[in-house]
Amino acid sequence: MLTTRPGNWWCGDLHPTRFTALSAAPVYRKIYPVTRNILREVARQYHDWVEHSAPKWGVEIVDDPKGRRDDFVQPYFANAQPDQVVVILKAREPAGIMTAIGAGKKWHLETKYRWVKQYNFYLQDAEWGAMFVRVCPYFPFSTRICLNQHHWLAHKMMQAGIRFTQSGNAFRRCSDPAALQDMADSLTANDLTRCGHKWLKRLIPFFSGPERRQHGCWHQLFFSQVEYCENLIFRRRAALDQLSDRLLDANRNLGRPDKLTVIFGRRITKRYSGKLQTEIEDLHLGNPVMRSYYKNGFAKHYVRDHDVLRFETASNDVKGDYGINKAVENLVPLREKLQGITERYQNVQQDILETFLDRGELRKLAEPTRLTGKRIPGLKLDHARQLAVMSSLVRFSHVAAGDTFTTAELQAAAAEALGITVERCPLSALRYELWKLRAKGLVEKLPHSRRYRLLPNGYRICLLFLKLFDKIYAPLTAGLLHPYPGDRTMTDDRLHQLDKLYQSVAAALDELVAAVGLKLAA
């Protein structure tokens, strides 16, 4: 979105003057001093010009509607022709206006911000498509121009004969994606200023052509609000919902200063005074919006048009937020800055989307199972007899035999794992452990047979339980609770490789505890 501010309004002996509002070539007269009544007359005549021009253009002047303006004006664009004004919204909004202070022959001018009636000209530009120009009728006619590059790109692709499908601010399909990217990168500041000055000249008939050329009486265009977005389009809404839910759940710590420093590329120190937080907003779009604030801008992601995940960066003060001057001539460095922020925002999101995220599966294995009215105990990570049976199940002999076995074939291996004799390891106890594994869908009993089969997921879960206990839980617990006294004095180069790795795990656990927000007892 572009905002204009006057350039050299006071060149030579030129003073603000009354203009013939309905004339195709406005007439200017030198008036001095500039009083409050003169400025009011200028505004009145602009109001009259709009009231008389609207019927000539065949458009309505309507009051500010309730709800989203974009939705309200959409029907007016149905049969719009190039460079046609389709509707004018009249709304009371804040604007910078010139005020006259004084009395008699002593007057001076000051700029003040006031809430005044302004005109929003919604129009169909020949190059930019749907856009609007907001004009304040009070001198110096401060203006806001809203341009959307997606519409500009659609026009360029139609001219080039490229087939595409567009939905809002997203291109779903394109016959030549490389050409589309080249067109997007080809936008220049001249494209913005050419469109802006074309409509400023038409909608603000205050200066004649010679005065614009000779005295430099133009509006200067600068960035008021900018938005940069990237769209991820999903084939299935269910996959998008799952990802969106995970992002909302995993973004709890995204508002920390270290995370926002990475995203926005600006160091956050004690002198920082702007908004600094991440919050979830419900904007009645079907899915919540996750927004991370930094000064006058933010980065956010949300779901649009059913299957689009949009990442967007916006700012209302590019100078204060990113250190880039607001003039439209700085389009290229500003675009690079916004693109970098959007990419880093996605990278941070990727970092927090762990693939191995706890979804309660381990807890479900430990919970009892109810089958045909019977309560079957769950699986425990440290149950000795259960681990012994699992150790027997993954023996190579059973795998080579096609994963089938009988309870008797497990007895010797289970007793060996428990360190007891076969007589002290009854078959009934082994059947009980197999009963628990069958309830979790890890082992199945062959029909009309005494043989069992270890299922693929059963093999994986057995290995996981065994390795967690034998190689992780048990040795780490021993090393933490009862380490060998001599190991503390041994240098790192003399430690066994496994001992080094265990020490690394112990150190990483301390870092993990700190990262997830847990505090160790003193």
Side-chain angles (χ1 to χ4, degrees), residues 68 70-71 74 129-130 148-158 162-185 187 226-255 259-260 262-264 278-294 297-315 335-336 338-361 457:
R68 287 175 54 86
D70 289 346
D71 297 335
Q74 190 62 40
N148 189 325
Q149 192 185 0
H150 288 86
H151 301 332
W152 182 81
L153 286 171
H155 175 74
K156 299 276 285 185
M157 285 193 289
M158 285 188 290
I162 299 175
R163 300 186 307 277
F164 66 94
T165 302
Q166 183 180 12
S167 174
N169 291 335
F171 293 104
R172 296 180 174 274
R173 293 180 178 86
C174 178
S175 61
D176 193 345
L180 171 58
Q181 186 61 58
D182 291 340
M183 291 178 182
D185 296 336
L187 181 69
V226 291
E227 298 177 357
Y228 182 97
C229 74
E230 290 191 10
N231 299 306
L232 301 181
I233 302 175
F234 287 71
R235 293 183 182 273
R236 295 186 302 111
R237 175 58 189 257
L240 174 55
D241 286 337
Q242 292 178 2
L243 176 62
S244 179
D245 292 342
R246 288 179 61 191
L247 284 173
L248 292 175
D249 180 65
N251 270 273
R252 294 183 298 270
N253 294 325
L254 193 59
K259 292 290 187 183
L260 296 182
V262 172
I263 293 173
F264 292 97
T278 293
E279 61 187 26
I280 300 176
E281 298 175 299
D282 186 3
L283 302 180
H284 306 290
L285 297 176
N287 292 75
V289 177
M290 175 70 73
R291 193 188 304 260
S292 299
Y293 289 94
Y294 173 78
F298 55 82
K300 66 179 180 179
H301 72 267
Y302 57 101
V303 177
R304 288 302 304 268
D305 303 326
H306 185 71
D307 57 355
V308 176
L309 180 62
R310 178 170 298 163
F311 293 88
E312 186 175 300
T313 302
S315 173
R335 181 169 52 195
E336 292 175 351
L338 295 176
Q339 182 180 9
I341 293 173
T342 305
E343 290 179 352
R344 289 193 295 271
Y345 184 67
Q346 293 182 67
N347 291 338
V348 170
Q349 299 285 6
Q350 178 64 39
D351 290 342
I352 64 176
L353 281 177
E354 304 95 340
T355 302
F356 294 91
L357 185 68
D358 178 28
R359 295 186 294 275
E361 302 302 328
N457 275 343

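Using modelled atom types and a 3.5 Å distance limit, the side chains of Asn169 and Asn148 yield a donor-acceptor pair. With hydrogens and angles left out, the side-chain atoms of Asp70 and Gln74 include no donor and acceptor closer than 3.5 Å.
With a 4.5 Å cut-off on side-chain heavy atoms, Val308 and Arg172 count as touching. Put simply, the side chain of Thr313 does not reach to within 4.5 Å of the side chain of Glu227, judged on heavy atoms.
Gln166 and Ala154 make their closest contact through OE1-CB, 3.4 Å (heavy atoms, listed as atom of the first residue, atom of the second, distance). For Met183 against Trp152, the heavy-atom pair with the smallest separation is O-CZ3, 3.4 Å. Tyr228 approaches Arg335 most closely through the heavy-atom pair CE1-CG, 4.1 Å.
Between the CD atom of Gln339 and the CD1 atom of Ile341 there is a distance of 11.0 Å, given to the nearest 0.5 Å. Rounding to the nearest 0.5 angstrom, the gap separating the CG atom in Leu232 from the CG atom in Asp307 is 11.5 Å.
Between the Ser175 side chain and the Arg163 main chain, a donor and an acceptor come within less than 3.5 Å of each other. Listed for the Glu230 side chain is no donor-acceptor partner under 3.5 Å among the backbone atoms of Arg310.
Annotation for Arg173: atom CZ does not count as buried by contact number, only 12 or fewer foreign heavy atoms lying within 6.0 Å.
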